[in-house]
Protein chains: 2
Amino acid sequence: MVFSTDIDLLKHLAAKGAIASKISTTTSDISKSLAISQQSASRRIRALASEELISSYSSPRGIELSITEKGRGVLQSYLAELKGIMASKLPPKLTGKVTSGVGEGKYYVLQPNYNSYFKKILKSSAYAGTLNLLTEEQALRQFLMAATPNIFDGFETSERTFGALKTYSVVINGEQKAALVMPERTTHKKGVIEIISPVNLRKKFSLNDNAVVEIELIESSGGI
Amino acid sequence: MVFSTDIDLLKHLAAKGAIASKISTTTSDISKSLAISQQSASRRIRALASEELISSYSSPRGIELSITEKGRGVLQSYLAELKGIMASKLPPKLTGKVTSGVGEGKYYVLQPNYNSYFKKILKSSAYAGTLNLLTEEQALRQFLMAATPNIFDGFETSERTFGALKTYSVVINGEQKAALVMPERTTHKKGVIEIISPVNLRKKFSLNDNAVVEIELIESSGGI
DNA sequence: ATTACTAACTTACGAGTAT
DNA sequence: TATACTCGTAAGTTAGTAA
C-alpha cells in the first residue's frame, strides 16, 4: 500500500535527482527537509525500499538510493491523475514565436554575477545563449501576473551598473525546465522575452525562427 | 500547516468536482474512497475547513462543500511542483512503428565480435534478430541527443571492416530492456532504427507490421 | 439517514542509545 | 560522524453512540 506520505518522500527524493540517477544523502538531511525526525526519515526510507519504490543502500556513511521503475511509475501516475483532475484549471500557458535576438540575453548569461544567480535558479549551469520569443503583450502580462518571480537585485561597480532581473521558472514544450528572464530595464520591444536554460533550446527542439514554443509556469520547488 | 493527507483529501474532493462548484457528499462516502473511517473523514473535512482550504456546511443530511481559492492554490502548486520535478527528470520517450527490416541487424547480432558487445550491454545474450522501427526523424534525433550512447569502436580484419556502432539502453513498452542500435554507417533510410533484445520482441508483444511500440531511455546502470 | 462527540485503541513518532 | 534499534509517549484512528 502506498500512502500519501510515501508520495511526499518520493517527490522529495525525485527533486533531489533520484529519478535520473543514484543520489547520496543522509536520513538527517531528509528529516530536515520534511520536518520529521531522523528516526522517522530512516523508517520511511526503509518503508519505501520494502515497497520497492526505491532501491537503497545504507551504511554508517549515509544512504545511497535511487527511485525504481515502480517508484517512478507511482509518481508518474500520481502526477497524471492530479493533472487530469486539475485539467480545467491548469496554470496558465503562454506561447511564443522564436525570433532572432539582439544577443542581450547572452551578455547577461556570460556575466559571472548573473551567471551564478542563473545557476541557482536552474539548479544547473546555464547554456551560454538565450532563446528570444515574441509573445502577445497582453497574454504575457497576464501570464506573469500569475507567477511568483525570483528577484535578482542588481548592483553597481565603479565601472558600470548591473540592472535588476526578475526570473520565472517555466517548462518549455512540456519537458525542458528553464527560466524566463525579465530585465528590469530592457532594450527589448514589448512582448519579447528571453529564456535561459541548461541546454541549447534551439537545438533541442530544432527551432527555427518563427517556430512556436509553449511556456508553462511552474513552482520553483524550494527556490532560492 | 498542510499535510500530505490534506493534499490527498483535497485531490479526492477536486476529482469529485469541488473545484468547479459546490458538491454534496457524505463523510461515509469519503471514508470508503479513501479507506478510512467515517469518523476520520469527518475530522479531516473539518481540518480542511479550519485551514480554509474548503468551505463546508454539514447537516444531518450530509455535507456540502467546495474548494476555496486557497485550497485550489495548494493543489495547483503541488501539481506544478511535481510537474517541474518530473519534467526535468523524466527520461524522454519515443514511439516507433514496426516495419520489416532488410535484416541488416540480424547480420550484426550474429557476428561474434558484435555479439559479445551486445551481451555486455544487455547483460544477457541477444536474440538472433532485430526489431525494425520507423520513427519520426526529428523525434529520433531529439531522443538520441538526450541519451548517453555506448560506443563500439569497430575494427578491421584483413578480410573486411566491421563498422562502429552506438547503442542506447532502452525499455520497450515499459517492460522489456533492450538496446537501440545505430550503426555509424547504415543502409537504413532515415528514421529507421533497430532494437536488439534478449528476447524476440515481435513474439513477446505480438507485434505485426505497423504496430506501435514505445521506446524509453534508461540509464545503463553501471554501463560498460 | 446523517454528523460528530467521547473514549478506547492502535499506530506512528522521536528521544535515547547501541553499533 | 552515520543508521537504526528499543520503548515511552503523543497523535491519529475507530467503535460506540448522542444529537
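Quick caveat, the model's predicted, so the values are computed rather than measured. Chain letters run A, B, ... following the sequence lines, proteins first and then strands; every chain starts at 1. Below, all heavy atoms of this structure are taken into account, side chains as well, without hydrogens, waters or symmetry copies.
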Checklist entry - Does a side chain donor of either B:Y78 or B:D6 reach within less than 3.5 Å of an acceptor in the other side chain? => result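 No, because no side-chain N or O of B:Y78 sits under 3.5 Å from a partner of the opposite role on B:D6.
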Next on the checklist: Could you tell me if B:E64 and B:S24 have a donor-acceptor pair between their side chains, going purely by distance under 3.5 Å?
Outcome noted: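 The criterion, which ignores hydrogens and geometry beyond distance, is satisfied for B:E64 and B:S24.
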Under the rule for side-chain contact (heavy atoms from CB on, under 4.5 Å), what residues qualify as partners of [X], not counting sequence neighbours?
| X | result |
| --- | --- |
| A:Y127 | A:N200 |
| A:A41 | A:T27, A:I30, A:S31, A:I36 |
| A:R61 | A:S59 |

Item to check | Segment of DNA chain C, first to last nucleotide, that comes within the 4.0 Å heavy-atom reach of chain B | outcome: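 On DNA chain C, the outermost contacted nucleotides are C:dA1 to C:dC5.
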Checklist entry - What is the bend of the helix from C:dT2-D:dA19 to C:dT19-D:dA2 when you compare the axis at one end with the axis at the other, using five pairs each and rounding to 10°? => result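 Computed from the C1' atoms at both ends, the axes differ by 40°.
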Mind listing the N/O atom pairs, protein and nucleotides 15-18 of chain D, below 3.5 Å?
unit_1 : atom_1 : unit_2 : atom_2 : d
D:dA15 : N7     : B:Q39  : NE2    : 2.7
D:dG16 : O6     : B:Q39  : NE2    : 3.0

Checklist entry - Looking at residues at least two apart in the chain, or sitting in another chain, which of them share a salt bridge (charged side-chain N to carboxylate O under 4.0 Å, His left out) with A:E214? => result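 Scan of A:E214 (salt bridge (charged side-chain N to carboxylate O under 4.0 Å, His left out), adjacent residues dropped) gives A:K93.
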Checklist entry - Who pairs with A:K11 by salt bridge (charged side-chain N to carboxylate O under 4.0 Å, His left out), at least two apart in sequence or on another chain? => result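 Scan of A:K11 (salt bridge (charged side-chain N to carboxylate O under 4.0 Å, His left out), adjacent residues dropped) gives B:E81.
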Between [X] and [Y], is any pair of side-chain heavy atoms under 4.5 Å apart?
| X | Y | value |
| --- | --- | --- |
| A:F118 | A:V181 | yes |
| A:L133 | A:I195 | yes |
| B:K32 | B:Q38 | no |

Checklist entry - With sequence neighbours excluded, what pairs up with A:S42 under the side chain to side chain donor-acceptor pair (under 3.5 Å) test? => result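 Applying side chain to side chain donor-acceptor pair (under 3.5 Å) to A:S42 gives A:R46.
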Item to check | Taking every non-hydrogen atom, the tightest pair across A:V109 and A:T130 | outcome: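 Distance-wise, the nearest heavy atoms are CG2-CG2, 3.9 Å.
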Next on the checklist: By nearest heavy atom, map B:I45 and A:R43 onto DNA chain C; which one lands nearer the 5' end?
Outcome noted: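 On the 5' side of the pair lies B:I45.
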Next on the checklist: Near DNA chain D, counting only heavy atoms under 4.0 Å, which residues of residues 55-66 of chain B show up?
Outcome noted: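 Going residue by residue through residues 55-66 of chain B, none turns out to have a heavy atom under 4.0 Å of DNA chain D.
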Checklist entry - Near DNA chain D, under 4.0 Å by heavy atom, which residues of residues 25-36 of chain B? => result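 Those residues are B:I36.
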Item to check | B:K22 atom NZ, neighbour heavy-atom count above 12 within 6.0 Å | outcome: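 For B:K22, atom NZ is not crowded (no more than 12 foreign heavy atoms under 6.0 Å).
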Checklist entry - Above 12 or not: heavy atoms from other molecules or residues under 6.0 Å from NZ of A:K119? => result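 Open: at most 12 neighbouring heavy atoms sit under 6.0 Å from NZ of A:K119.
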Next on the checklist: The criterion is ring pair (Phe, Tyr, Trp, His ring centres under 6.0 Å); which residues satisfy it with A:F152, sequence neighbours excluded?
Outcome noted: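 A:F152: ring pair (Phe, Tyr, Trp, His ring centres under 6.0 Å) contacts with A:Y114, A:Y117.
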Item to check | D:dT3 phosphate, OP1 or OP2, under 4.0 Å from A:R46 side-chain N/O | outcome: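 For D:dT3, OP1/OP2 do not have a side-chain N/O of A:R46 under 4.0 Å.
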